[in-house]
Colleague: 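Following this message is one structure expressed as structure tokens.
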Amino acid sequence: NTRPQPYRHWTIDDFEIGRKLGQGKFGHVYLAREKQSGYIIALKVLYKEEINSMAVERQLRREVEIQSSLRHTNILRLFGYFDDETRVFLILEYASKGELFEELQLKKRFMESVAAKYVTQLAQALLYLHHKRVIHRDIKPENLLLGLRGELKIADFGWSVKTDVQESRRSTLCGTLDYLPPEMIEGKKHDVSADLWSLGVLLYEMICGKPPFEDAENSQETCRRIVNVDISYPDFVSKEARDLIQKLLQYKSAHRIPLRQVLEHPLIKRYEHLNKSK
Ligand SMILES: CC(=O)NC[C@@H]1CCN(c2c(Cl)cnc3[nH]c(-c4cn(C)nc4C)nc23)C1
């Protein structure tokens, strides 16, 4: 069955709608089947009256433009989009193993070999993104999905930007601060190394079961701990894992270990034989 073609003018009648898969920031996502090809996709539905602010509309256009231009096994595909009088529809790749976040909640924390596998896949996706001069800026378990073979897929490009548009973060981020690097907390200019910081936070959370700067108390406390890079490690964390996390969670963005060196790090090399695509 041929994959849905982006250039076609789709309408909702081209699809059979299945169960609700969940909801992203601004809309609901449904399992759907394209009638003519039988192809299974995820259909993200956004209501136009909710996309009334210019900022949200601009962000949506950016998400669609960026994500539809990307082709990488660890990045969720956006095949196309269409609209009717009241709604906008995004035709997205269906990730059959759901959200990484769910798996992390279920398993509490991952073995270091599993965390190393996900970091390898994420680093390869980020290398591709940064080569295309795209910063994701919102790498966290909620935005990571799992494909048929358990491979990680970055989704939700709502906060991504093309780096030639250097912008400090004006609009406040909805959701957790846990993953924000100091420079974004401080509203300074940020570049692709913002994603390196988030990779470090994710690696810590996968191995330890919670993010390094999480503070149930309040966001000021979380921000203080981020800008002070105030981290402590449970004793089950290996020295290689501590070393890689510490090399990613550097206050100065220029001091963060580059992605190519992440892929050569002892923690990653140690499990490489497990992660070679079977
Ligand atoms: C990043 C993001 O937008 N997350 C919110 C949306 C929730 C469902 N979305 C899915 C999207 Cl956009 C694509 N594929 C998915 N697969 C699933 C899923 C599969 N299982 C077994 N359980 C679930 C859940 N969900 C999706 C994304």
Side-chain angles (χ1 to χ4, degrees), residues 1 3-4 6 10 12 14-34 37-47 50-51 56-57 59-83 87-107 118 121-122 125-126 128-129 134-161 171 173-180 195 198-199 201-202 205-206 211:
N1 50 4
R3 185 171 297 178
W10 299 101
I12 188 66
D14 291 319
F15 301 91
E16 273 157 8
I17 308 298
R19 77 178 179 94
K20 184 173 177 180
L21 291 169
Q23 44 212 58
K25 267 189 277 296
F26 297 110
H28 299 167
V29 182
Y30 297 90
L31 193 58
R33 181 210 317 264
E34 199 273 312
S37 64
Y39 203 82
I40 299 292
I41 51 109
L43 196 64
K44 191 168 189 175
V45 185
L46 304 122
Y47 286 89
E50 285 175 7
I51 314 173
V56 173
E57 180 165 342
Q59 189 180 314
L60 180 63
R61 285 188 196 287
R62 198 155 42 181
E63 175 181 350
V64 170
E65 179 198 314
I66 289 174
Q67 203 167 348
S68 53
S69 71
L70 301 172
R71 300 282 187 282
H72 190 281
T73 180
N74 296 120
I75 295 173
L76 198 78
R77 279 294 306 280
L78 189 150
F79 295 120
Y81 58 94
F82 58 96
D83 69 324
R87 298 166 295 182
V88 174
F89 301 89
L90 304 187
I91 307 171
L92 292 161
E93 175 184 359
Y94 171 61
S96 56
K97 290 241 171 83
E99 298 181 359
L100 178 71
F101 183 66
E102 295 299 325
E103 178 170 334
L104 188 51
Q105 298 233 309
L106 193 72
K107 301 264 177 61
Y118 289 134
Q121 293 172 0
L122 204 49
L126 289 174
Y128 172 81
L129 275 179
V134 172
I135 319 173
H136 188 275
R137 296 198 306 179
D138 204 7
I139 301 293
K140 58 188 177 194
E142 296 85 331
N143 288 342
L144 302 174
L145 298 168
L146 296 169
L148 195 59
R149 288 171 204 80
E151 74 279 22
L152 177 141
K153 299 211 178 243
I154 304 180
D156 200 347
F157 281 74
W159 283 106
S160 55
V161 285
S171 38
L173 253 173
C174 53
T176 172
L177 294 167
D178 283 330
Y179 281 74
L180 286 186
D195 288 337
S198 307
L199 185 60
V201 174
L202 184 80
E205 180 169 1
M206 290 193 289

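All values derive from a computational prediction rather than experimental measurement. For this chain, numbers begin at 1 and follow the sequence in order. We count ligands from 1, going down the list as the structure has it; atoms in each ligand are counted the same way.
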Colleague: Take the angle between the ring planes of Tyr128 and His72 and call it parallel below 30°, perpendicular above 60°, tilted in between.
Modeller: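 The arrangement is tilted - the two ring planes meet at 30° to 60°.
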
Colleague: Under 4.0 Å from a heavy atom of Tyr94: give me the atoms of ligand 1 that qualify, with their elements.
Modeller: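 This gives 14 (N), 15 (C), 16 (N), 19 (C) as the contact atoms.
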
Colleague: Taking non-hydrogen atoms only, is Leu92 closer than 4.0 angstrom to ligand 1 via side chain, backbone, both or neither?
Modeller: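 For Leu92, the contact with ligand 1 is made by the side chain alone.
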
Colleague: Under 6.0 Å between the ring centres of Tyr81 and Trp10?
Modeller: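 Judged by ring-centre distance (under 6.0 Å), Tyr81 and Trp10 do not meet the cut-off.
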
Colleague: Quick check against the 3.5 Å criterion: does Glu93 have a side-chain atom that pairs as donor or acceptor with the backbone of Arg77?
Modeller: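 Looks like yes, one N/O pair under 3.5 Å.
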
Colleague: Report the member of Leu145, Leu100, Ile41 with the shortest heavy-atom distance to atom 10 (C) of ligand 1.
Modeller: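 It is Leu145 that holds the nearest heavy atom.
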
Colleague: Counting from 1, what ligand 1 atoms have a heavy atom of Glu93 closer than 4.0 Å?
Modeller: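 Those atoms are 13 (C), 14 (N).
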
Colleague: Counting heavy atoms only, which of Gly27, Ala155, Gly98 is nearest atom 20 (N) of ligand 1?
Modeller: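 Going through Gly27, Ala155, Gly98 one by one, Gly98 has the nearest heavy atom to atom 20 (N) of ligand 1.
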
Colleague: Which atoms from ligand 1 have a heavy atom of Glu142 less than 4.0 Å away?
Modeller: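 What qualifies from ligand 1 is 1 (C).
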
Colleague: Heavy atoms only: which of Leu90, Val29, Leu31 lies closest to atom 27 (C) of ligand 1?
Modeller: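 Among Leu90, Val29, Leu31, the closest heavy atom to atom 27 (C) of ligand 1 belongs to Val29.
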
Colleague: Look at ligand 1 and say whether Arg19 reaches it with a heavy atom at a distance under 4.0 Å.
Modeller: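 Distance cut 4.0 Å: Arg19 passes for ligand 1.
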
Colleague: Any side-chain to backbone donor/acceptor pair from Lys153 onto Thr73? Under 3.5 Å, distance only.
Modeller: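 Flag set: sc Lys153 to bb Thr73 pair under 3.5 Å.
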
Colleague: Please list, in number order, the atoms of ligand 1 under 4.0 Å from a heavy atom of Glu99.
Modeller: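 Those atoms are 4 (N), 5 (C), 7 (C).
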
Colleague: Decide side chain to side chain contact (heavy atoms under 4.5 Å, CB included) for Lys107 and Met206; before the verdict, give the C-alpha distance in whole Å, the side-chain angles of both, and the deciding distance to 0.1 Å.
Modeller: CA-CA 10 Å; Lys107 301 264 177 61; Met206 290 193 289; over 6 Å; no

Colleague: Between the candidates Ser96, Ala95, Gly147, Gly22, which shows the shortest non-hydrogen contact distance to atom 21 (C) of ligand 1?
Modeller: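 Looking at heavy atoms only, the winner is Ser96.
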
Colleague: Flag the pair Leu144 / Phe101 as yes when at least one side-chain heavy-atom distance between them is below 4.5 Å, and no otherwise.
Modeller: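 They are not in contact (no side-chain heavy atoms under 4.5 Å apart), so the answer is no.
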
Colleague: Please answer whether the main-chain N or O of Ser68 pairs with a side-chain N or O of Arg71 as donor and acceptor at a distance below 3.5 Å.
Modeller: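 Looks like yes, one N/O pair under 3.5 Å.
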
Colleague: Within the structure provided, determine whether Tyr39 and Phe79 are in side-chain contact (heavy-atom separation under 4.5 Å).
Modeller: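 Tyr39 reaches Phe79 side chain to side chain.
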
Colleague: Are Gln23 and ligand 1 in contact, using a heavy-atom cut-off of under 4.0 Å?
Modeller: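 For ligand 1, residue contact (heavy atoms, under 4.0 Å) with Gln23 is present.
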
